[in-house]
There are 2 protein chains.
Amino acid sequence: MERIPEAEWQVMEILWAESPMGAQDVAERLAPATGWSLATVKTLLGRLLAKGALAHDEEGRRYLYRPAVAREACVAGESRRLVDRLFGGRATPLVAHLADTGQLSDADIAELAKLVKELGK
Amino acid sequence: MERIPEAEWQVMEILWAESPMGAQDVAERLAPATGWSLATVKTLLGRLLAKGALAHDEEGRRYLYRPAVAREACVAGESRRLVDRLFGGRATPLVAHLADTGQLSDADIAELAKLVKELGK
DNA sequence: ACTTGACGACTACGCCCGTAATCGATAGCT
DNA sequence: AGCTATCGATTACGGGCGTAGTCGTCAAGT
């Protein structure tokens, strides 16, 4: 699975949330958050098409874009890379780390407890 | 805190594990895993010095390098970035995801259970 | 003193990424 | 039939990163 860089990721998020969609529409939804011009968005769409992360249907003389890879799969790749690089491939130290650095609220911990209980079954 | 790219990270790992150390020594430890030439390692050391991630003591006419930033702090930054980007800043979904994708062994889950119990106290 | 070797500094260069303008074709309006 | 707006494709360009060669300097050996 191809690596998807930051800017392209944001385009994917739009299309994972709703698709298919034309370039114009994608650009409109990104504009508030990013300020990117339509031209920029088109470039990103093109690159994503080229690397197979998006597919397109032709509607008249324009494309309707939709994801060709599942968000789940991409997230899996990214998080695995991080865990490998930072924690020697072991997930537990990551959680311990998040806890240590105060990135887990009480609600998070409660939720984790439930999750872990579920997993242990 | 400056962002530390992949190749430079590997240099940091060496020095986090043992320091201070000369360029030659760093290169020798990296060689088996990376195959990088001494010149490449020197470049990376220079860049890390420039961005303040390393400090150096002069020993005769050469430098002894040592980390100027804690590994903990860098790891915190990286993992926060990932969690923000992929999981909307919430850590629990990350754990759920690791579980779903089978990246947690039974041992991991047991360990997590213990950790969570500890955190919940 | 002279050469040799090792050091850090500087330079190089191709690729990827973020950002965008421009181009050629075409659909639609007038 | 001609103009205009719009589409995707192509090209651009600065900066960062991965990888490495070269240069000026100085220490050490002979």
Side-chain angles (χ1 to χ4, degrees), chain A residues 1-15 19-66 68 74 77-78 81-82 85, chain B residues 1-15 19-66 68 74 77-78 81-82 85:
Chain A
M1 172 90 58
E2 285 280 352
R3 174 111 172 67
I4 296 180
E6 174 70 17
E8 290 171 24
W9 187 276
Q10 291 185 249
V11 172
M12 292 302 292
E13 288 284 10
I14 300 292
L15 287 158
S19 71
M21 202 186 299
Q24 199 80 239
D25 309 283
V26 176
E28 271 162 29
R29 322 232 167 173
L30 282 170
T34 66
W36 292 336
S37 79
L38 173 60
T40 298
V41 175
K42 283 195 207 172
T43 299
L44 297 173
L45 286 168
R47 288 179 183 169
L48 286 164
L49 262 192
K51 74 178 63 165
L54 289 180
H56 63 295
D57 305 305
E58 319 206 357
E59 188 223 38
R61 27 183 267 83
R62 67 174 191 150
Y63 289 172
L64 292 184
Y65 299 89
R66 66 189 150 72
C74 293
E78 291 294 323
R81 247 188 298 275
L82 179 100
R85 189 155 77 88
Chain B
M1 172 90 58
E2 285 278 353
R3 173 111 173 64
I4 296 181
E6 174 70 17
E8 290 170 23
W9 187 277
Q10 291 184 247
V11 172
M12 293 302 292
E13 287 285 8
I14 300 293
L15 287 159
S19 71
M21 202 186 302
Q24 198 80 238
D25 310 282
V26 176
E28 271 161 29
R29 323 231 167 173
L30 282 170
T34 66
W36 292 337
S37 79
L38 173 60
T40 298
V41 174
K42 282 195 212 172
T43 299
L44 297 174
L45 286 168
R47 288 179 184 169
L48 286 165
L49 262 192
K51 75 179 63 166
L54 289 181
H56 63 297
D57 305 304
E58 318 207 354
E59 188 224 38
R61 23 183 278 82
R62 67 175 189 151
Y63 290 173
L64 292 186
Y65 299 89
R66 65 188 151 73
C74 293
E78 291 293 323
R81 247 187 298 276
L82 179 99
R85 189 154 76 89

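FYI, side chains are in, hydrogens and waters are out, and symmetry mates aren't considered; it's all heavy atoms of this structure. So that the names make sense, note that chain A is the first sequence line, chain B the second, and so on, each numbered from 1.
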Close side-chain approach of B:Tyr63 and B:Leu49, heavy atoms under 4.5 Å: yes
Straight-line distance of A:Leu44 CG to A:Ile14 CD1, nearest 0.5 Å: 11.5 Å
Sugar-phosphate, base or nothing in reach of A:Ser37, heavy atoms under 4.0 Å: sugar-phosphate
Touch class at under 4.0 angstrom, heavy-atom based, for B:Ala39 against every strand present: base
Given DNA chain C, 5'-ward residue of the pair A:Pro5 and A:Gly35, judged by closest heavy atom: A:Pro5
Interatomic spacing from CD in A:Glu2 to CZ in A:Arg47 - rounded to 0.5 Å: 13.0 Å
Touch class at under 4.0 angstrom, heavy-atom based, for A:Leu44 against every strand present: base
Euclidean distance, atom CG of residue A:Leu54 to atom P of D:dG8 [Å, nearest integer]: 12 Å
Length of the CD-P vector between B:Glu6 and D:dG16, whole Å: 18 Å
Straight-line distance of B:Glu28 CD to B:Met21 CE, nearest 0.5 Å: 10.0 Å
Gap between atom CH2 of B:Trp36 and atom CG of B:Leu30 - 0.5 Å precision: 6.0 Å
Any protein N or O atoms within reach of nucleotides 27-30 of chain D? Criterion: under 3.5 Å, listing atom names and distances.
none

Chi angles and distances behind the side-chain hydrogen bond (donor to acceptor under 3.5 Å, both in side chains) call for A:Thr43, A:Thr40: CA-CA 5 Å; A:Thr43 299; A:Thr40 298; over 6 Å; no
Gap between atoms CG and C1', on A:Leu38 and D:dT6 respectively (whole Å): 9 Å
Spacing of NE2 belonging to B:His56 relative to CZ belonging to B:Arg62, to within rounding of 0.5 Å: 13.5 Å
DNA chain C: 5'-most and 3'-most nucleotides touching chain B, 4.0 angstrom heavy-atom criterion: C:dA6 to C:dA12
Under 3.5 Å donor-acceptor pair, B:Arg47 side-chain atoms to D:dT19 base atoms: yes
Check: D:dG16 base within 3.5 Å donor-acceptor of B:Arg3 side chain: no
Between C1' of D:dG18 and CG of B:Leu45, the distance in whole Å: 14 Å
Note, A:Leu15 side chain near A:Leu45 side chain (heavy atom, < 4.5 Å): yes
Whole-Å gap separating P (D:dG15) and NZ (B:Lys51): 16 Å
Listed partners of A:Glu8 passing side-chain hydrogen bond (donor to acceptor under 3.5 Å, both in side chains), at least two apart: A:Lys51
Between P of D:dT19 and CD of B:Glu8, the distance in whole Å: 11 Å
Interatomic distance, A:Leu49 CG vs D:dA9 P [rounded to whole Å]: 7 Å
Atom-to-atom span, CD of B:Glu58 to P of D:dC26 - whole angstrom: 12 Å
